[in-house]
Every structure is written in structure tokens, then in C-alpha cells.
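Read the numbers this way: they start at 1 and go in the same order the structure lists the ligands and their atoms.
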Amino acid sequence: MAETIHEINAFSKVTDARWYPRYHLAPPYGWCNDPNGFCFYKGQYHFFYQYHPYDAQWGPMHWGHLVSDDLAYWKHLPIALKPDRPYDEGGCFTGSAIEKDGKLYLMYTGNVPGQPQRQAIAVSNDGLNFEKSDLNPILEVPQDDEIHGGDFRDPKVWEHDGKYYAVIGSKTRDDLHGQALLFESEDLFHWDFKSIMARDEGNEGKMWECPNFAHVDGCDVLIYSPMDMDIDGRIVYHDKHSAAFVGTLDYETGIFDRGELQLLDRGFDMYAPQVTETPDGRTIMIGWLDMWAVEMPEATDGWAGMMSIPRELHVRDGKIFSTPVKELEQLRLRTWKPVLLKDVSIDAATQFEGVEGEACELVMTIDAAASKKFSIAVRASETEQTVMTFDGASSTFTLDRSKSGRLIHEIDFKNGDIIKPADNVREIKLEPCDKLKLHVFIDRSSLEVFINDGAEVLSTRLYPTRTSQSIIFTPLDEIIVFDELNCYKLDFGLPHPHIPNTRVDKNTALDEVLSTTK
Ligand code: FRU
């Protein structure tokens, strides 16, 4: 029987809501990492996640569980899986979900330290209670000279032409190249090894974690999270990005014919994204809005880790675009009149009345030809700010979190020792554009910036003081010309078991909303 979150309540509490998100998914307390089992089942979205409920540090992995009717408002359900079998006693690691004959199947990795990883299945009739199969473990690592015998994890399962396929993260036996392994099944319980679907072809990661697969706009997309990669000269032990290839999977040979590596997010924090398809055929992705091997300051408040907003994927001319799902518009507070400005220019640093907040959304179109260089500071105060800078001359966009608040350090992945301050500045090149479109989501400890309809995305965690809520626009070369500048305050999307009144009626007055939150 699944433990309820209330039984586990006894162990741990969120002690301060300063960084606890209002509308992003996060554990009620304790630690979370990867998204798991993201799916649409019997009329609802189910989202599971790697969860250690007893401590705000990584530990034996459970599967936390959330459910939503609309991708905007969510509620916590009892823990779906806990590590309690000989094949998963070290943790129920990452996996995915699929519906078959009205039942929901979770396919996940059973982890036991010192043993090869293997795959297992749990089944549910109601999307609430899950039973592990007696046939577990249902899939062991193939004995093959080209396949590492231990690292074999994170299955993503899908159906194609009446058969089931699973892609599983792996590396070569010599530890040098990450790869994705493809398996085929008639019934989800008996699997045949089909192929090495794709492999690192040079600096694409030495282990591929969390592969995901989707069919988007007529193309196949293979997503994965690479370990050990050199990105723009930064070589890190456990890197830090979610990657993807656009291409075509040949279901006969099992070979994925693919283009260049693309990064799904160019910011600091985004890992292990999972995709699912909506009933109307869109592909939606949610990632872990964090990274391995950096401090998680919110752990001192009794929780650690949160998810990105859901993003809709598209492929145009071989390039992946990701944009916030339209369902999030439901979170725009109806009790607060949004600021909707048109055709405004400024020639000095400006704060627009009402354009501020710790949980808000900015939608901007800026005349890039006229506004040659400018910055936008968010979560700002006298002492803190997180700054985005656009420089038209070099077509660069920079995200600087060096004055965001509580700064973070890189830590040793194995023992948690502090190594050095984490990077704080990301600079990316944009395609030259006449209009710069920015869609920005701010929450209590995060910032997600979607540029030019999701051609680029930069995401980061932030740890500002609660009262740093200003937004300051500064021309750095004469003027900024806005075609439009809209600001919306956002509702609570996720109720919290310890923090009273974190779910308010949509019609509650704003003052009341703010006074009832810590
Ligand atoms: C990726 C990962 C997965 C693994 C899980 C364990 O973040 O390392 O490969 O299944 O986390 O929590």
C-alpha cells in the first residue's frame, strides 16, 4: 500500500516559503530530481518525480506523484513507488509511463549499488495505487562488447505500429561514449534488444542519462542528458544540460539518423526532461530545473529541487523550439489587473507601475533595431538583481545571476564538498532579429526566459531575498522601444501541505492573497 504524503509529514517540514515556488512543481518537502512517468491517463495529467521524502538530500529514490486536469493547477497524490524489493532496494530510479488496455504501466530502473542496473514494471488500474510485477526485473543489460555492463537506466517507453519500444540510457564498455539502446516488445514484459540507436560522436557525453523520444512536427526527436561534456570550454564532471537530436528512427534497423546536437536550454539549470503527448497532439516537456553538483540552498528550508514549467516542443527547419504551454494562461490572476502597455519608449532606467513581483510573467516585444542595447533586472532591490542584457551589435543575450542573492557553489558530486563558486554568467548568440520577443516566467526561486518564440531558452534557479521584487528596464544605448510590454501576476498552481492558504480561490482579492502567504 502506498504511503501517503501525510504519513511522511511526520519526518520533515518546509520551514520557510521564501524560495518555495507558487506555480512550479516541487516536492511537498524532501528532495526531488528527475521528472518521471509524465503522461495523460484517464483524463488527467500524471507527473511523477525522483523523490527522497525523508531528507532534503538525495537518498533512496521513491516516486513522488502529482496530478492535474490542465497542466496549470496540480495536487499531490500518495507516493507511487518506494524501494522495497531486492531488485530496487537502492532506489526506484527514473522511468516513464504508458497506458495499455486501460491500465497505467510504469517502467523504471531498479538500482542496487554494486549491481548492474535493471528495468522493472509497476501496474495500476486507477492511476493511484501501483503494484510491482512478479515478473520483475523484466529487462537486464544486454551482454555485448559495446555495452557497459552496469550503467543501464532511465527507460522511456512508447508505442509504434502496435509494438512497444523503449530507449534506455547507456555507455560504452570503455566508459568513453554515451549511447541510447533501443528495445522492442509485444507486451511490455518481454523485451528484445534491437540496436544501439545513437551514440556519442565526439563531445556529446560519456554517459547518456534519461533518454526521451517524441515525434514532433513530422520529425523524430531523441532527447537525453549527457554526463561529462565540454560546453563552450567549460568542462565539468557532471554536465549540465539537456541535449537533443532531430532525425528519423528507422524502426526496421533501429538506427536513428540524426542531425547536430542541440541544447534544449542555454541557462544554468535544466536536466532530465521528459515529454508526453497531450490529447490534442502537442508534445509537452518538463525538466528538472536544477543541476547535479551544485548547492541547493533551499535544503536548509526542508525541501530541494523543482521542475520547469511545461513547454511545448516544435521543430522548424530541423531546429527545436520550446514555448510555455498555453494552459499556463489560466494562472494569470483575475483579481489583479494586468499591466498591458503598447508602443512605449524609455530613455532612462524605468520601473513601470505594477510591473514587479516574485511570481509573475512578462510578455514583451521590443523593437530590436531601435533598442540597440539594454538590460532588464528582475527580482531587484537596492542590493540584489538578476540581469538580462541584450546587445544588438553582437546579437548577444546575457543572463547574469552574480548579484541574485544567496550565491551557490559547485560541490563535489561524491562527497558534497564545496569546490568553487558556480558560474554566474551565460552569454548566448541570437539569430539577428528586427523584433526581440521575450517571454519571462519569474517564481520565488527561478527565472525562465523564452526568446523569439522559443528559439532559445535560458533557465536558472535564484535565491533572492523575499522582498527583492522590482523589475528595472535600463537603456544602455539611448532608448528602449517596446511594441508591447505585458505583466501578469500568477496564481498558486500547487497547494502546500504545511503552508496555509497556498491555494486561493481565483476570486480572492490580491491583498488577501499576499497577506496569507508567509
Ligand atoms: C539523472 C539520474 C538518472 C537516475 C536518477 C537517480 O538525474 O542520475 O540517471 O535514474 O537520476 O535519481
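Residue contacts with ligand 1, taken as heavy atom pairs separated by less than 4.0 Å, involve T94 via backbone and side-chain atoms alike. Contact annotation: for N111 versus ligand 1, there are no heavy atoms closer than 4.0 Å.
Within the listing of ligand 1, atoms 4 (C), 6 (C), 10 (O) sit less than 4.0 angstrom from a heavy atom of F93. Annotation for ligand 1: atoms under 4.0 Å from non-hydrogen atoms of M61 are 12 (O). Atoms of ligand 1 found under 4.0 Å from any heavy atom of W292, numbered from 1 in the order shown, are 1 (C), 7 (O), 11 (O). Taking a cut-off of under 4.0 Å to the non-hydrogen atoms of Y271, the atoms of ligand 1 that pass are 1 (C), 7 (O). Of all the atoms in ligand 1, the ones that sit under 4.0 Å from a non-hydrogen atom of Q50 are 5 (C), 6 (C), 12 (O). Close contacts of ligand 1 with D154, meaning ligand atoms under 4.0 Å from a residue heavy atom, involve 3 (C), 4 (C), 9 (O), 10 (O).
Of the listed residues (M207, M227, E209), the one carrying the non-hydrogen atom nearest atom 8 (O) of ligand 1 is E209.
Not a single N or O atom of W288, backbone or side chain, sits closer than 3.5 Å to an N or O atom of ligand 1. Polar contact with ligand 1: present for R153 (N/O pair, distance under 3.5 Å).
A salt bridge is absent between D200 and K171; no separation between the charged side-chain nitrogens and carboxylate oxygens falls under 4.0 Å. For D88 and K132, the salt-bridge test passes: some basic side-chain N is under 4.0 Å from an acidic carboxylate O.
Taking the salt bridge (charged side-chain N to carboxylate O under 4.0 Å, His left out) definition, one finds that R199 meets it with E146, sequence neighbours left out.
Between the side chains of H46 and H65, at least one donor-acceptor pair of N or O atoms lies under 3.5 Å. Looking only at atom types and distance, the side chain of E277 has no donor-acceptor partner in the side chain of T283 under 3.5 Å away.
Assignment of T109 to the shell around ligand 1 is not supported, since no heavy atom sits closer than 4.0 Å.
For K42, the NZ atom is densely surrounded, since the number of other residues' heavy atoms within 6.0 Å is greater than 12.
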Inset, instruction - Apply the test side chain to side chain donor-acceptor pair (under 3.5 Å) to residues T398 and D400: give CA-CA distance (whole Å), side-chain angles for both, the deciding distance (0.1 Å), then the verdict. - result: CA-CA 6 Å; T398 310; D400 181 345; over 6 Å; no

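Applying the salt bridge (Lys or Arg N to Asp or Glu O under 4.0 Å) test to residues at least two apart or on different chains, the pairs with a partner in residues 298-313 are R18-D301, D265-R311, R282-E312, E298-R461, R311-E448.
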